Amino acid sequence: AEVARRVPGATVVVQLDEPSLPAVLLGRIPTASGFGVIREVPEPDAEAGLRLVTGRVGVPAGVHCCAAEPPLTVLGRVGAAFVSIDAGLVHRRQDDEIGELLEAGTHLLLGIVPTSGDLPRTVSESADPARLLWRRLSYPAETLASRVTVTPACGLAGASPDQAVAVLTRAREVGRALAEAPEDT
């Protein structure tokens with residue numbers, strides 16, 4: 001409410017950043033001493049904890065998980081308005097889980113613009129991972145831009161200001177290209 005008051009006209013959303021969620025669910029978080037691991041958190045307990053935030057903040061709330069093979073089924077059950085993932089870390093065998101998220105009305109934030117190294121040469125090349133996913137899911141190409149928001153693959157904390165601007169500019173260009181020419185090759 002305070003952010004909305006201070007920034008009139010802005011759409012406020014809350015994003016929970018949960019890069020360690022798979023490790024939490026599998027009991028792979030090391031103890032402070034490093035000699036052991038913290039016991040795994042059962043999925044229903046993790047879901048309840050996430051749902052405490054996603055269901056109570058009064059604005060659209062979602063979850064970002066940039067870990068390899070994020071627990072998409074768990075994320076789909078927490079009532080998130082969106083799920084944000086790094087497309088390069090999601091395995092093809094998770095396509096059905098992505099489809100289930102989309103069928104449930106969850107918006108997908110798809111990290112496809114690399115945040116380190118060089119950007120792909122063209123905007124179309126940058127858009128290819130989103131187009132390929134959409135084809136594998138057998139959704140009509142013209143629905144891609146309304147169901148997916150293109151984002152950086154993961155994290156810009158270590159990026160220089162120039163690199164961050166380049167990555168965000170490319171993400172905007174890719175989003176526009178997917179809306180204007182969803183089947184471009």
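Note that the structure is a prediction, hence the values are computed from the model and not measured.
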Between Ser20 and Arg28, does a side chain to side chain contact (heavy atoms under 4.5 Å, CB included) hold up when you go through it step by step?
CA-CA 9 Å; Ser20 298; Arg28 295 187 179 155; over 6 Å; no
Hey, could you give me the CZ/CZ distance between Arg131 and Arg135, rounded to the nearest 0.5 Å?
7.5 Å
Can you tell me how far the CD atom of Glu47 sits from the CG atom of Leu52, to the nearest 0.5 Å?
12.0 Å
Using a 4.5 Å cut-off on heavy atoms from C-beta on, say whether the side chain of Leu50 contacts that of Leu21.
yes
How far does OG1 of Thr115 sit from CZ of Arg170, to the nearest 0.5 angstrom?
14.0 Å
Per side-chain contact (heavy atoms from CB on, under 4.5 Å), Leu72 is matched among Asp95, Leu101, Asp96, Thr106 by Leu101
Electrostatic pair Glu173:Arg176 at N-O distance under 4.0 angstrom:
no
Among the clusters formed by ILVMFWY side chains lying less than 4.5 Å apart, do Val24 and Leu26 turn up in the same one?
no
How about Tyr139 and Glu103: do any of their side-chain heavy atoms sit closer than 4.5 Å?
yes
Membership question, hydrophobic clusters at under 4.5 Å side-chain separation (ILVMFWY): are Val57 and Val78 in the same one?
yes
In this structure, are over 12 heavy atoms from other groups packed under 6.0 Å from Arg136 atom CZ?
yes
Side chains of Leu102 and Leu137, heavy atoms from C-beta outward: is any pair under 4.5 Å?
yes
For Cys65 and Leu75, the nearest pair of non-hydrogen atoms, with its separation, is CB-CD1, 4.2 Å
Non-hydrogen atoms of Glu125 and Thr122 that approach each other most closely
N-OG1, 2.9 Å
Side-chain heavy atoms nearer than 4.5 Å, only ILVMFWY residues, links allowed to pass through others: does that put Val12 and Leu109 together?
no
Any chain of hydrophobic side-chain contacts (each under 4.5 Å) joining Leu16 to Val59?
yes
Before accepting this row, confirm whether a basic side-chain N of the pair Arg77/Glu43 lies closer than 4.0 Å to the acidic partner's carboxylate O.
yes
Identify the heavy atoms of Pro22 and Pro70 that sit nearest to each other, and give their distance.
CG-CA, 4.4 Å
Going by distance alone, is a donor N or O of one side chain under 3.5 Å from an acceptor N or O of the other, for Ser33 and Thr31?
yes
Smallest heavy-atom separation, Pro152 atom then Leu168 atom, equals CG-CD2, 3.8 Å
Is Val63 close to Glu18 at the side-chain level, that is, under 4.5 Å between some pair of heavy atoms?
yes
If you look at every heavy atom in Val14 and Phe82, which pair is closest and at what distance?
O-CZ, 3.6 Å
Compare every heavy atom of Pro114 with every heavy atom of Val167, then report the nearest pair and how far apart it is.
CG2-O, 3.5 Å
How many angstroms lie between atom OG of Ser126 and atom CG of Leu178, to the nearest 0.5 angstrom?
10.0 Å
Verify salt bridge (charged side-chain N to carboxylate O under 4.0 Å, His left out) between Arg93 and Glu69, making sure each step is shown before the conclusion.
CA-CA 9 Å; Arg93 68 177 163 266; Glu69 298 191 40; 2.7 Å; yes
Polar side-chain atom of Glu97 near backbone of Gln94 as donor-acceptor pair, under 3.5 Å:
no
Quick check for you: to the nearest 0.5 Å, what is the distance between Ile85 atom CD1 and Thr151 atom OG1?
9.0 Å
Tell me whether Leu132 shares a hydrophobic cluster with Leu119, the cluster being built from Ile, Leu, Val, Met, Phe, Trp, Tyr side chains joined at under 4.5 Å.
no
As an exercise, state the distance from CG of Leu108 to CG of Leu133, rounded to the nearest 0.5 Å.
7.0 Å
